[in-house]
Amino acid sequence: MVELQPVDAVEVTLVVDNFVDILLAGADGVRRLPLAYDHFDQDQLVAEHGFSALVTVFSDGRRSSILYDGGLTPHGLANNLDVLQVDPAELRAIVVSHGHVDHHGGLEGLAARTGRRLPLLIHPEAWRERKVTFPTGAELRLPPPSRADLEAEDLEVVEERGPTLLVDNQVLISGEVPRVTGFETGFPIHKARAGDGWEPDPLILDDQNLVVDVAGKGLVVVSACSHAGAVNVLQNARRLTGRDQIAGFVGGFHLTGAVFEPIIDPTIAALTDLGVERFVPGHCTGWKATHRLAAALPDAFIQPSVGTVLRF
């Protein structure tokens with residue numbers, strides 16, 4: 001069990017996600033980008049197939065931020081940080097959830113805006129070249145990050161397979177997530193480069209998530225893709241911290257497409273049993289899963305949108 005220090009509050013800002021809706025209403029603990037009369041004359045938030053979240057913890061009157069993932073493109077990340085008025089110089093660290101390009105592709109050029117050397121935490125399996133081979137024969141290449149490029153930007157690359165504590169032990173990065181449920185068995189059409197060929201890589205072991213413990217409320221878990229399985233992710237967070245209450249689950253649940261749609265119902269049943277107070281299912285969750293979650297857990301469901309700030 002890790003010694004994760006509780007914080008007074010945490011804010012999760014959706015910097016990059018697949019969807020943007022400037023007219024979504026806010027709610028208790030949910031702040032949307034404020035609209036001005038001349039909104040359409042200003043630079044706009046953009047959505048893309050990727051994920052990035054700014055996670056800011058508050059403790060004893062101090063605030064500290066890290067960037068969890070970098071989205072797909074440098075333009076998308078840089079543009080949205082600017083529109084949201086996020087100063088990269090205030091970041092304490094960068095974390096890459098796994099090696100797929102829609103989670104690290106936007107990091108190019110970010111380090112130069114921070115004005116200092118930042119640590120970048122990554123799992124050693126994230127450097128592997130991957131692809132998805134569909135039943136039709138079509139293939140989708142998923143380029144990995146380049147260690148040489150990241151270090152050339154003066155980022156301090158830190159490899160770690162296991163749990164890591166950041167920001168004065170107030171932010172936990174899970175490391176590899178044990179696969180314990182019977183239905184979350186991985187991505188069967190996912191492959192990784194092995195020598196001159198390819199080998200099955202269904203587990204995507206570099207998948208890691210972020211956990212914060214908010215005093216009096218419980219755990220807030222941010223998981224970009226949940227390749228380990230959404231339920232496995234939450235059970236592992238509870239195991240690592242010794243805390244049972246989950247105040248929020250934000251990110252991609254990876255329930256989209258024909259491969260994963262059969263596990264939507266058991267996933268929702270297990271999430272219901274876990275008693276998660278607020279769900280924010282973005283990125284790769286998928287249309288069907290998102291709507292079933294909203295129908296099954298209407299009081300806990302929050303529609304994500306680029307620019308949304310969630311406070312716990």
Side-chain angles (χ1 to χ4, degrees), residues 1-12 14 26-31 53 55 57-58 68 97 163 170-175 177-185 207-256 260-286 288-304 308-312:
M1 193 165 67
V2 299
E3 295 298 326
L4 178 63
Q5 297 300 308
V7 301
D8 298 329
V10 62
E11 287 187 348
V12 181
L14 300 181
D28 183 31
V30 182
R31 191 168 74 250
V55 179
V57 294
F58 300 82
Y68 174 69
S97 67
Q170 295 172 344
V171 176
L172 167 65
I173 307 302
S174 69
V177 176
R179 317 302 166 95
V180 296
T181 65
F183 58 89
E184 294 173 315
T185 57
D207 180 66
Q208 55 185 354
N209 52 84
L210 180 152
V211 184
V212 175
D213 181 20
V214 181
K217 294 184 177 180
L219 301 178
V220 175
V221 181
V222 185
S223 183
C225 255
S226 304
H227 285 295
V231 180
N232 283 331
V233 164
L234 296 184
Q235 289 186 347
N236 184 60
R238 295 171 73 178
R239 180 185 65 85
L240 287 174
T241 63
R243 278 76 152 179
D244 289 334
Q245 184 60 42
I246 302 171
F249 187 24
V250 182
F253 298 1
H254 218 285
L255 295 170
T256 190
F260 293 99
E261 286 174 1
I263 69 167
I264 291 175
D265 289 339
T267 298
I268 292 175
L271 294 178
T272 302
D273 290 342
L274 285 169
V276 181
E277 293 184 9
R278 286 196 279 180
F279 292 98
V280 191
H283 185 42
C284 53
T285 303
K288 289 184 179 179
T290 299
H291 283 260
R292 288 194 203 174
L293 275 163
L297 300 162
D299 294 335
F301 175 82
I302 297 171
Q303 172 65 51
T308 297
V309 181
L310 307 148
R311 187 176 179 91
F312 299 88

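Bear in mind that the values here come from a model prediction, so they are computed numbers and not experimental data.
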Do the side chain of Thr308 and the main chain of Pro304 share a donor and acceptor less than 3.5 angstrom apart?
-> no
Flag the pair Val221 / Val233 as yes when at least one side-chain heavy-atom distance between them is below 4.5 Å, and no otherwise.
-> yes
Please tell me if the side chains of Asn209 and Ser226 come closer than 4.5 Å, counting only heavy atoms from C-beta onward.
-> no
Non-hydrogen atoms of Ala53 and Val12 that approach each other most closely = CB-CG1, 4.1 Å
State, with a plain yes or no, whether a side-chain heavy atom of Leu293 is found less than 4.5 Å away from one of Leu271.
-> yes
When you measure from the side chain of Tyr68 to the backbone N and O of Ile173, does any donor-acceptor pair fall under 3.5 Å?
-> no
Heavy atoms of Pro163 and Leu240 approach each other most closely as CG-CD2, 3.8 Å
Taking side-chain contact (heavy atoms from CB on, under 4.5 Å) as the test, write out the residues that go with Val276, two or more places apart.
-> Leu234, Ile246, Phe249, Leu274, Phe279
With a 4.5 Å limit on heavy-atom distance, are the side chains of Arg278 and Phe312 in contact?
-> yes
Measure up the Phe260 and His254 rings against each other and bin them: parallel (under 30°), tilted (30 to 60°), perpendicular (over 60°).
-> perpendicular
Has the side chain of Asp207 got a donor or acceptor atom that lies under 3.5 Å from a matching backbone atom of His227?
-> yes
Can you list the residues that meet the salt bridge (charged side-chain N to carboxylate O under 4.0 Å, His left out) rule with Asp244, with sequence neighbours excluded?
-> Arg238
Looking only at heavy atoms, the pair that brings Thr285 and Gly251 closest together is OG1-O, 3.7 Å
Check: Phe301 and Thr290 side chains under 4.5 Å, non-hydrogen atoms | yes
side-chain contact (heavy atoms from CB on, under 4.5 Å) involving Thr181 - partner list, sequence neighbours excluded | Phe183, Glu184, Val231, Asn232, Gln235
Donor-acceptor contact present, side-chain Arg31 to main-chain Gly29, <3.5 Å = no
Mind checking what makes side-chain contact (heavy atoms from CB on, under 4.5 Å) contact with Arg292, not counting sequence neighbours?
-> Ile264, Asp265, Ile268
Does some side-chain heavy atom of Leu14 sit less than 4.5 Å from a side-chain heavy atom of Val250?
-> yes
With sequence neighbours left out, which residue pairs that include part of residues 215-227 fulfil the salt bridge (Lys or Arg N to Asp or Glu O under 4.0 Å) condition?
-> none
Report yes if some heavy atom in the side chain of Ile302 is under 4.5 Å from a heavy atom in the side chain of Leu310; otherwise report no.
-> yes
Could you list all the side-chain hydrogen bond (donor to acceptor under 3.5 Å, both in side chains) pairs where at least one residue sits in residues 1-11, not counting sequence neighbours?
-> Glu11-Arg311
